[in-house]
Every structure is written in structure tokens, then in C-alpha cells.
Participant: 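I am attaching a structure below and will ask some questions about it afterwards.
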Number of protein chains: 2
Amino acid sequence: MADINLRPDPSRADAPANGNAAEEPVWDIIELIFFAYRDFVGDPDGVLAAFGFGRAHHRVLHFVNRNPGLKVAELLEILRITKQSLGRVLKQLVDEGYVEQREGVTDRRQRLLFVTPKGAALAMRLACLQTKRIARAFSEIGPEAHAEARRFLVAMINPEARGDVLDFINHGGRPRWPRP
Amino acid sequence: MADINLRPDPSRADAPANGNAAEEPVWDIIELIFFAYRDFVGDPDGVLAAFGFGRAHHRVLHFVNRNPGLKVAELLEILRITKQSLGRVLKQLVDEGYVEQREGVTDRRQRLLFVTPKGAALAMRLACLQTKRIARAFSEIGPEAHAEARRFLVAMINPEARGDVLDFINHGGRPRWPRP
DNA sequence: AAATTTATGTCAGCCATGTTGACATATCTG
DNA sequence: CAGATATGTCAACATGGCTGACATAAATTT
């Protein structure tokens, strides 16, 4: 009787406690992230395909919509892709009238990004689609769901990046990624 | 004073309550899923690159490791890709000795999938990497973290698919995706 | 003013990983 | 035996990453 603790099933080895060695993988969360993400990003695919767009366009449109006046360099840092990759999808969004570029007022080298009304409508449509899934999940869980999900997701982000990410998602419509 | 309720900030319009129309997008969760997933799947990339593999190889290796004797058709259904796409990465994993294929005992058309010891070691290494991130997140949140995260992720999965997914992640090492 | 740095764009080509369509083979089932 | 099933394969194409090289305009530094 030397080992009395609260492990109902020793095979599950939960509560790593030391948090360093990661002795037994947390299989359920690893796999649930795969399945949940697969369904979550799958929602917009049909709509995007009808517009001739893919997930890359969705990401660009989303962040420009949420951050009017975003600089190209900031968007590159968010998406962590190269300017060549971004250029391809951005050009299509601009050519087809979903995104606009305007010269920066203080720095005329900059091409600040804005969604057009058409772009805003598509971005909103896609966000609402994804929100339906989130809202259904929250309603199944209860009133704490939003706060719990947010805590979990924030904790999964690289600690050094969290400050910037939290500033960003709380921006309230004003652009400020690395600094104004 | 006709509207007394607990909304600290009316611009946030949280708690959709009806759960049908998805009137205002849940921006924070949508974006946090993007950032959290980006960091989560980024962890294994370095290790994979050192082996000449990519994320597609990781997914195959992971599910074969977790499901010894998995049938090709079952793996296709999990990953939701075509057999041609799977064939390409699976062939490399087999050729390089990470995965083995054995004839089914009852049905000799089947090529049941198993990881080799080498494959198991790599799969475990990658899972432990991802587990470190999860364990860190859990330790920041508290003892309820695992249960909360699991509830949220399950609730985000398509309701029709949940039964199969839950059976799958609880399989305990015995393969049974659609049916035995 | 000239030189340099910065913000952005562009061309060309490669790679990983998804797709469709057609077809081959072995094996199981009725 | 006839047909359905499990798997593999060839060929071609699409998307969205990547690198490297180079161009332009505007800001900044010297």
C-alpha cells in the first residue's frame, strides 16, 4: 500500500505532474485535435470552391477583413509564408475585387490591405459558417465553454508569441500586429 | 433601465443563446484555433525534415502506430484522401522500413498495416514532442484542463462522426475503425 | 546629394501533397 | 463461373508551399 493516489486506470497515466519528460503521449488530445481541425476547416471549403478560391485565399481574406490597413509584411508574419506564396493568392483576391491596396499615408512604399464590401461579405459568410460549429459546441458544453476553450487554445500557443497573438485577436478592428 | 444583464462589453455580443443564426462571429476562437494549430503541428516538422518526411508521412505513421493491423481502406477513410495520395507516402514509409504490410489472415486481399520497431520509435518521438506542448498547457490551466479540452474538441467534431471517432481514440491498441 | 536600406513586387522553377480517370490483379462471395 | 471487393499503379493536373535572383520606389542615413 505504498502508492495510494487517484488514478482510476493505470494505463491512462494522466496528470504528468512533472511536465518535463512527456513519458506517455496524450493520445486522445493529439487525435481529437486532428479530427476537430479537419471538420472545422472543412466547413468553408464548399463555399470557397464555388468562388474559385482555396484555403490560402480564406486565410488572407480573413486576416485582412479583421485588420483593415494591414501591411503586407505583417500579413506575411502572421501566415508565416513567403511573399511569393502570398503574392499569388493576394493578386487573385485583388484582381477579382475582394481586396484593395492603398498607399500608406506616412510611408508611401507600403501597400495597406483592405477588404472591399464584396470581400467583407465573403469573409463574414465564412466566419459565420465556422461560428455555427463553435456555437453548437458551446451550447452542448454549457456557459463556461467559451472561457474554457479560449484558455486551452491560448495555452497551446508558443508562450513567446502569446502576447502578440492576444493583442491581435483583441484588436477591435484596428490594425496593430508587430507595432503601429 | 429596461436591459439589465451581465454583458460587460456590448460590442462583444457573446452567448449567442439561440445557436442558430450565428449572427456575430466568434472571432477569438476562430483565430486562436489557427494560431494554436499552427504551433501544434509545427512541433514535429523539424524532426520529420531530418528524416526526409513531411506531415503526410506523420499522419500515416501516427495512425498505423496507434492501430496495428489497420486496413488501407480504413486509413483512407480516416485521412479522407485518395488511395493515390496515400500510396505515395505509404510506399516511402514501407520502402524505408517504418511500416510493414502483411496479408490479412481471413481475407488475403487485405494488406494490413503495422509499424516496425523503427516506425514505432519515430511515431513515439513525434507524439512525445506534441505531448510536451499539451502537458505544458494543461499544467498552466489546472487539473480540469484535460477533461475540458477533450469536451471542447469532441464537441467540435461533426456529430454523426463522433461515435466512430470516440471508439477509435479509445481503442486501446486494437484496430476497429468502421467495424471488425 | 549620394548611398543605403526598406517595402513590395515579380519571374522562373522546384517540391509536397492533394485531385481525377483509367486500368490491373488477386481474392472473396454468391 | 461471374461479379464484387481490396489494393496497387500509371499519367496528368492543381494548389500552395519553397528558393533564388532581380526590379522599383520611397525612406533613411551618411
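In the text below, chain A, chain B and the rest are named by the order of the sequence lines, each starting its count at 1.
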Participant: Enumerate the residue pairs fulfilling ring-ring contact (aromatic ring centres under 6.0 Å, His included) with a member in residues 105-136 of chain A, sequence neighbours excluded, ordered by first and then second residue.
Facilitator: none

Participant: Nearest whole Å is fine: how far is dA6(D) C1' from Leu70(B) CG?
Facilitator: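 Distance, rounded to whole Å: 14 Å.
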
Participant: Rounded to whole Å, please give me the gap between CG in Asp45(B) and C1' in dA16(C).
Facilitator: 12 Å

Participant: Do the side-chain N and O atoms of His146(B) and Asp28(A) include a donor-acceptor pair separated by under 3.5 angstrom?
Facilitator: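 There is such a pair between these side chains.
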
Participant: Give every residue pair that meets the ring-ring contact (aromatic ring centres under 6.0 Å, His included) criterion with at least one member in residues 89-110 of chain A, sequence neighbours excluded.
Facilitator: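 Non-adjacent pairs meeting ring-ring contact (aromatic ring centres under 6.0 Å, His included): Phe53(A)-Tyr98(A).
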
Participant: Please report the distance, rounded to the nearest Å, between CG in Leu75(B) and P in dT7(D).
Facilitator: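 Value for this atom pair: 10 Å.
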
Participant: Connecting only ILVMFWY residues whose side-chain heavy atoms lie within less than 4.5 Å of each other, what is the rest of Met124(B)'s hydrophobic cluster?
Facilitator: Trp27(A)

Participant: Report the distance from atom CD of Gln110(B) to atom C1' of dT29(C), rounded to the nearest whole Å.
Facilitator: 14 Å

Participant: Using atom CZ of Arg55(A) as one end and atom P of dT17(C) as the other, report the distance to the nearest whole Å.
Facilitator: 15 Å

Participant: How does protein reach along nucleotides 18-28 of chain C, written 5' to 3' as B (base within reach of a heavy atom under 4.0 Å), S (only sugar-phosphate), or - (no contact)?
Facilitator: BBBBB---BBS

Participant: What's the CZ-P distance between Phe53(B) and dC15(C), to the nearest Å?
Facilitator: 18 Å

Participant: Between Gln101(A) and dG9(C), does any side-chain N or O lie under 4.0 Å from OP1 or OP2?
Facilitator: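 For dG9(C), OP1/OP2 do have a side-chain N/O of Gln101(A) under 4.0 Å.
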
Participant: Rounded to whole angstrom units, what separation is found between the CG atom of Leu76(A) and the P atom of dT10(C)?
Facilitator: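 Taking CG of Leu76(A) and P of dT10(C), I get 14 Å after rounding.
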
Participant: Could you list all the side-chain hydrogen bond (donor to acceptor under 3.5 Å, both in side chains) pairs where at least one residue sits in residues 118-127 of chain B, not counting sequence neighbours?
Facilitator: none

Participant: Under 4.0 angstrom, heavy atoms only, what part of the nucleic acid is Gly54(A) near: base, sugar-phosphate, or nothing?
Facilitator: sugar-phosphate

Participant: Could you check whether Phe168(B) and Phe63(B) have their ring centres less than 6.0 Å apart?
Facilitator: yes

Participant: To the nearest Å, give me how far apart CG (Leu90(A)) and C1' (dG9(C)) are.
Facilitator: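 Those two atoms, CG and C1', are 10 Å apart.
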
Participant: Who are the salt bridge (charged side-chain N to carboxylate O under 4.0 Å, His left out) partners of Glu103(A), not counting sequence neighbours?
Facilitator: Arg108(A)

Participant: Does His57(A) make a side-chain N or O approach to OP1 or OP2 of dT15(D) shorter than 4.0 Å?
Facilitator: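 For His57(A), the contact criterion (side-chain N or O under 4.0 Å from OP1 or OP2 of dT15(D)) is not met.
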
